[in-house]
Student: 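Here's a structure for you.
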There are 2 protein chains.
Amino acid sequence: MADPHTPDSHPLLRKLGRYARLSAAERQAITSLLRREAAFPEHTDLVRQGQMLTKAAIIREGWAIRYRTLRDGRRQIMNFLLPGDMFDLCAFLLTASDHSIAALTPCKISFVPVSSITDLFRRWPRVGAALWKSALQEEAMLRERILSLGRRSARERAAHLLYELWVRLGIVGLRNGGDFDLPLTQADLADALGLTPVHVSRTLRYLRQQGLIGMSNRHVTILRPREEGQYGEFGRDYLHLTPIRDPVAPPVGHA
Amino acid sequence: MADPHTPDSHPLLRKLGRYARLSAAERQAITSLLRREAAFPEHTDLVRQGQMLTKAAIIREGWAIRYRTLRDGRRQIMNFLLPGDMFDLCAFLLTASDHSIAALTPCKISFVPVSSITDLFRRWPRVGAALWKSALQEEAMLRERILSLGRRSARERAAHLLYELWVRLGIVGLRNGGDFDLPLTQADLADALGLTPVHVSRTLRYLRQQGLIGMSNRHVTILRPREEGQYGEFGRDYLHLTPIRDPVAPPVGHA
DNA sequence: CGGAAGGTTGAGCCCCATCAATTATTGTGG
DNA sequence: CCACAATAATTGATGGGGCTCAACCTTCCG
């Protein structure tokens with residue numbers, strides 16, 4: 001279980017702290033969302049396409065994916081969900097999910113009733129702004145993936161994705177210099193990159209030979225962290241890592 | 001200029017009307033956003049990547065695109081913006097745009113200051129919910145495009161896109177039975193589908209030969225509108241066309 | 001009517017898919 | 001700790017979907 005009394009223990013606090021310097025009260029408000037935590041084994045479906053959404057969720061530990069499949073089994077991973085990421089934030093609209101979410105590794109996840117979210121937005125507008133900013137970031141990541149799949153080569157795509165994961169893991173303190181753990185099979189990577197597992201293997205070999213990455217045993221090293229551009233023209237703008245500039249607050253309503 | 005006094009004249013009203021039966025007062029509140037309208041010639045950049053966002057925008061007439069380019073000129077269109085669509089709704093976060101927006105055809109667009117948006121959310125929560133739902137829809141369209149680019153063949157992708165545009169145009173009353181106008185060159189389509197213009201030509205020929213679409217002179221006919229699945233396994237769930245179920249309202253805050 | 005832009009068609013090639021076999025790696029029970 | 005099976009990763013050979021280059025045709029518009 002999470003320990004909500006240890007400040008900064010939760011990756012969500014790290015992430016939101018990047019967007020706004022949070023007061024103790026604001027941090028406490030966020031922490032109060034993190035009470036009910038549940039553990040899921042790997043390869044569990046957390047949300048199925050078509051299911052009605054009733055709660056938002058926050059990941060403390062483990063990797064999950066958003067994905068969709070076609071009838072013949074082709075699968076596409078839209079996004080990786082890392083510790084500190086939320087999903088189903090828009091459960092307040094009472095819609096059905098248009099995609100599925102699955103735990104790739106064992107996960108620890110807090111579920112938050114919709115009312116707690118809307119309360120948070122109303123009472124803590126600066127926190128709300130930070131949450132909207134992270135939603136904005138996620139949408140931008142979807143657009144970046146569209147650019148990758150449509151216009152980048154397999155090698156560019158792979159390099160770009162690994163670099164992006166390295167940056168995102170850094171935000172929540174889950175990397176070590178250029179190194180991070182990547183708990184994915186090459187089949188998973190293939191489904192994210194729009195490739196076959198065989199070609200992923202060859203592509204990673206190429207990146208290793210180029211001296212861009214080191215990779216073995218589900219452990220990755222970004223060998224030239226200063227040379228963003230070498231990784232498929234990576235540019236970090238789309239991750240929106242800069243602080244919120246202003247006391248303007250975001251939309252949160254209630255019934 | 002728009003005539004804000006003619007109810008239902010604006011495609012935004014049609015679109016939001018699908019999500020919630022709007023009262024006269026609510027319709028009036030929406031209409032009040034539509035005052036300041038400007039016209040732009042085709043191929044105008046409306047927003048450039050990196051630019052600070054200061055206003056939200058609503059399209060009444062014309063087609064626009066969200067796109068990004070790589071340094072060597074490769075371009076990817078992330079999304080088409082049709083009459084009734086909004087963009088830069090999250091200008092309230094005072095962020096820089098991570099992509100560009102351009103008018104493909106001559107466009108008529110209303111610009112809305114951030115404060116009007118946050119006011120609207122506070123005073124008209126049902127309208128706010130409808131706006132969030134349409135934002136949700138746009139995010140779902142991005143995910144669907146990721147699935148297309150990653151896992152659908154060129155033929156499936158093209159069929160799926162044309163069918164999607166047909167559905168979306170229907171929502172705002174811009175189609176006529178199975179027919180609609182498509183003011184795009186095949187180079188534009190190529191940049192949306194992640195293909196080359198040459199291959200788009202061949203792909204469309206194939207779809208014509210299969211009897212799925214008719215196409216000439218920038219005019220498209222969906223020949224088997226009842227057979228959604230034939231169009232790249234199109235499934236309309238992701239467009240979230242169902243009404244909002246509940247008086248629960250969405251997030252909108254203010255300073 | 002002439003030029004420009006867009007669309008079509010053909011030939012050849014390349015990136016990535018497919019199929020298949022081999023080699024790690026991981027996990028499990030004796 | 002080893003034997004063994006299952007899963008994952010790698011490599012090779014071959015094929016195909018989509019790209020490239022180039023020519024030709026069609027449409028549009030001044």
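Numbered from 1 within each chain, the chains take letters A, B, ... in sequence-line order.
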Student: For side-chain contact (heavy atoms from CB on, under 4.5 Å), just list the numbers for B/D179 and B/V220, CA-CA rounded to whole Å, side-chain angles, deciding distance to a tenth of an Å, and then say yes or no.
Tutor: CA-CA 6 Å; B/D179 288 35; B/V220 177; over 6 Å; no
Student: Base, sugar-phosphate or nothing for B/R208? Non-hydrogen atoms, less than 4.0 Å.
Tutor: sugar-phosphate
Student: Could you state the NE2-P distance from A/H219 to C/dT26, rounded to the nearest angstrom?
Tutor: 14 Å
Student: What's the closest nucleotide to the side chain of A/R218 if the choices are D/dT20, D/dA9, C/dG7?
Tutor: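 Within the option list, the nearest is D/dA9.
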Student: Let me know the distance between CG of B/L182 and P of C/dG6, rounded to the nearest Å.
Tutor: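 Interatomic distance, CG of B/L182 to P of C/dG6: 14 Å.
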Student: With a 4.0 Å cut-off on heavy atoms, is B/S153 in touch with a base, just the backbone sugar-phosphate, or nothing at all?
Tutor: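 Touches sugar-phosphate only.
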Student: Expressed as a whole number of angstroms, how long is the span from B/D72:CG to D/dC19:P?
Tutor: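 Result: 15 Å.
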Student: To the nearest Å, give me how far apart CG (A/L149) and C1' (D/dG18) are.
Tutor: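 In whole Å, D/dG18 C1' and A/L149 CG are 16 Å from each other.
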Student: I need the CG-P distance between B/L184 and C/dG7, as an integer number of Å.
Tutor: 10 Å
Student: What nucleotide, of C/dT26, C/dA17, C/dG6, holds the atom closest to the side chain of A/H199?
Tutor: C/dA17
Student: Please report the distance, rounded to the nearest Å, between CZ in A/R151 and C1' in D/dC19.
Tutor: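 Value for this atom pair: 11 Å.
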Student: Between D/dC19, C/dC16, D/dG12, which nucleotide gets closest to the side-chain atoms of A/V198?
Tutor: D/dG12
Student: Mind checking whether B/L212 and B/I222 have side chains closer than 4.5 Å, heavy atoms only?
Tutor: no
Student: Nearest of C/dT25, D/dT20, C/dG7 to any side-chain atom of B/Q186?
Tutor: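 Taking heavy atoms from C-beta onward, the closest nucleotide is C/dG7.
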Student: Which residue lies toward the 5' end of DNA chain D, A/S201 or B/T196, if each is placed at its nearest nucleotide?
Tutor: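 On the 5' side of the pair lies A/S201.
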Student: Looking just at side-chain N and O atoms, do B/Y67 and B/D45 make a donor-acceptor pair shorter than 3.5 Å?
Tutor: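 Note: B/Y67 and B/D45 side chains meet the donor-acceptor criterion.
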Student: Write down the distance between CG (A/L189) and C1' (D/dT10), rounded to a whole number of angstrom.
Tutor: 15 Å
Student: Just by distance, with hydrogens left out, do B/H99 and B/R68 show a side-chain donor and acceptor under 3.5 Å apart?
Tutor: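 No, no side-chain donor-acceptor contact under 3.5 Å.
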Student: Would you say D/dT11 has OP1 or OP2 under 4.0 Å from some side-chain N or O of A/R205?
Tutor: yes
Student: Classify A/T185 by what it touches in the nucleic acid, base, sugar-phosphate, or nothing, heavy-atom distance under 4.0 Å.
Tutor: sugar-phosphate
Student: Strictly distance-based, threshold 3.5 Å: is any side-chain N or O of A/R36 a donor or acceptor partner for the main-chain N or O of A/V112?
Tutor: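 Looks like no, no N/O pair under 3.5 Å.
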Student: Closest nucleotide of DNA chain C for A/N217 versus for A/L195: which of these residues is on the 5' side?
Tutor: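 By nearest-heavy-atom nucleotide position, the 5'-most residue is A/L195.
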Student: Within the structure shown, what part of the strands sits under 4.0 Å from B/R202 by heavy-atom distance: base, sugar-phosphate, or nothing?
Tutor: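 Here B/R202 touches the bases of the nucleic acid.
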Student: Measure the distance from CZ on A/R74 to P on C/dT18 and round it to the nearest whole Å.
Tutor: 9 Å
